[in-house]
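Predicted, not measured: the structure shown is a model, and the values here were computed from it.
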Amino acid sequence: MSRSCTLEPAYLAGNEHKSSNLTGHQADLLDIGMEYMGLQLRLGALTEAQHRAWPGQAWTPELEKIWSQEVDPIRDRMAELRRVATICIATSLSELRTKAVMLMELTEDDPQDARAQLILSLCRDLIALSEARSLAEHQCHDVSGEREQLTPARAVQS
């Protein structure tokens with residue numbers, strides 16, 4: 001089964017320069033998710049280093065400019081990956097997880113906002129279900145080495 005989606009001509013028209021990693025105008029949600037997670041880790045590491053190197057009062061407009069030059073391209077690429085993910089149809093739990101991770105990052109955790117809380121709850125559920133399924137798939141081998149068939153309900157129970 002192909003996991004790629006075709007990018008619409010309207011999308012490509014203004015974004016050819018940004019979509020250099022999308023060979024043949026195809027996008028794979030799992031590849032997008034892996035790249036996105038790598039960028040999240042990189043951004044997190046840069047943020048941690050920034051907090052250690054320039055705590056509170058040491059932060060200046062000059063440092064802000066340097067910081068922006070480092071993180072803006074990362075954030076821009078993450079935004080691009082989110083836009084591409086919106087036009088791809090998820091066909092597996094792993095691909096749904098990719099979209100859930102992205103949506104969760106964009107949703108502010110406001111306890112007073114029922115919509116935000118529902119979105120975050122749904123994202124957490126999808127991520128947990130995906131992780132349970134992945135773990136169950138790795139553990140579901142019988143003595144002969146053949147895999148058992150899993151249903152989503154059995155994956156969660158494992």
Side-chain angles (χ1 to χ4, degrees), residues 1-12 14-52 70-158:
M1 169 185 348
S2 173
R3 292 185 311 234
S4 64
C5 63
T6 302
L7 300 182
E8 298 295 325
Y11 175 82
L12 291 172
N15 295 295
E16 294 89 351
H17 64 287
K18 294 181 183 177
S19 303
S20 58
N21 292 346
L22 306 175
T23 308
H25 305 302
Q26 294 287 311
D28 182 307
L29 275 172
L30 296 179
D31 290 342
I32 290 169
M34 292 299 291
E35 182 179 353
Y36 194 85
M37 286 188 291
L39 292 169
Q40 281 180 312
L41 290 172
R42 188 168 168 212
L43 187 59
L46 285 171
T47 301
E48 180 63 31
Q50 178 260 328
H51 288 293
R52 281 194 314 268
E70 286 287 324
V71 299
D72 286 353
I74 296 170
R75 289 181 177 148
D76 290 347
R77 181 62 183 157
M78 291 172 79
E80 174 68 13
L81 292 171
R82 288 190 299 265
R83 282 189 292 277
V84 171
T86 65
I87 61 173
C88 294
I89 297 172
T91 58
S92 71
L93 202 49
S94 296
E95 292 172 341
L96 285 171
R97 182 187 190 285
T98 294
K99 288 185 172 189
V101 166
M102 291 175 175
L103 181 58
M104 196 169 178
E105 184 175 288
L106 294 174
T107 306
E108 188 173 330
D109 190 1
D110 179 358
Q112 302 303 315
D113 184 350
R115 182 184 345 184
Q117 292 305 304
L118 186 57
I119 290 169
L120 291 171
S121 176
L122 178 62
C123 290
R124 285 189 294 269
D125 291 349
L126 274 171
I127 291 167
L129 183 61
S130 174
E131 289 171 354
R133 175 74 181 255
S134 180
L135 180 62
E137 286 176 348
H138 286 94
Q139 295 177 344
C140 261
H141 293 274
D142 65 15
V143 177
S144 67
E146 298 206 12
R147 295 178 66 180
E148 294 180 38
Q149 289 294 331
L150 284 179
T151 63
R154 286 191 59 200
V156 172
Q157 291 171 353
S158 295

Residues forming a side-chain contact (heavy atoms from CB on, under 4.5 Å) with Thr86, sequence neighbours excluded:
none

Return the set of residues passing side-chain contact (heavy atoms from CB on, under 4.5 Å) with Leu39 (not counting sequence neighbours), or none when no residue passes.
Glu35, Ile74, Arg77, Met78, Leu81

Taking every non-hydrogen atom, the tightest pair across [X] and [Y]:
X      : Y      : result
Cys88  : Leu29  : CB-CG, 3.7 Å
Ser94  : Ser130 : CA-OG, 4.0 Å
Ala100 : Cys123 : O-SG, 3.4 Å

Quick one: CG on Leu120 to CG on Leu103, what's the gap to the nearest 0.5 Å?
7.5 Å

Glu137 side, atom CD; Ser134 side, atom OG - distance, nearest 0.5 Å
6.0 Å

Side-chain contact test, heavy atoms from C-beta onward, threshold under 4.5 Å: evaluate it for Leu126 versus Leu93 and give yes or no.
yes

So Met104 and Ile119, side chain to side chain contact (heavy atoms under 4.5 Å, CB included) or not? Walk me through it.
CA-CA 7 Å; Met104 196 169 178; Ile119 290 169; over 6 Å; no

Atom pairs and distances, side-chain donor-acceptor, residues 42-51, under 3.5 Å, sequence neighbours left out:
{"from": "Thr47", "atom 1": "OG1", "to": "Leu43", "atom 2": "O", "distance (Å)": "2.9"}
{"from": "Glu48", "atom 1": "OE2", "to": "Arg52", "atom 2": "NH1", "distance (Å)": "3.4"}

Pairs touching residues 112-132 that satisfy salt bridge (Lys or Arg N to Asp or Glu O under 4.0 Å), sequence neighbours left out
Arg97-Glu131

Check whether any side-chain N or O of Glu95 sits under 3.5 Å from a backbone N or O of Thr91 as a donor-acceptor pair, and report yes or no.
yes

Enumerate the residue pairs fulfilling side-chain hydrogen bond (donor to acceptor under 3.5 Å, both in side chains) with a member in residues 99-110, sequence neighbours excluded, ordered by first and then second residue.
Tyr36-Glu105, Gln40-Glu105, Asp109-Gln117

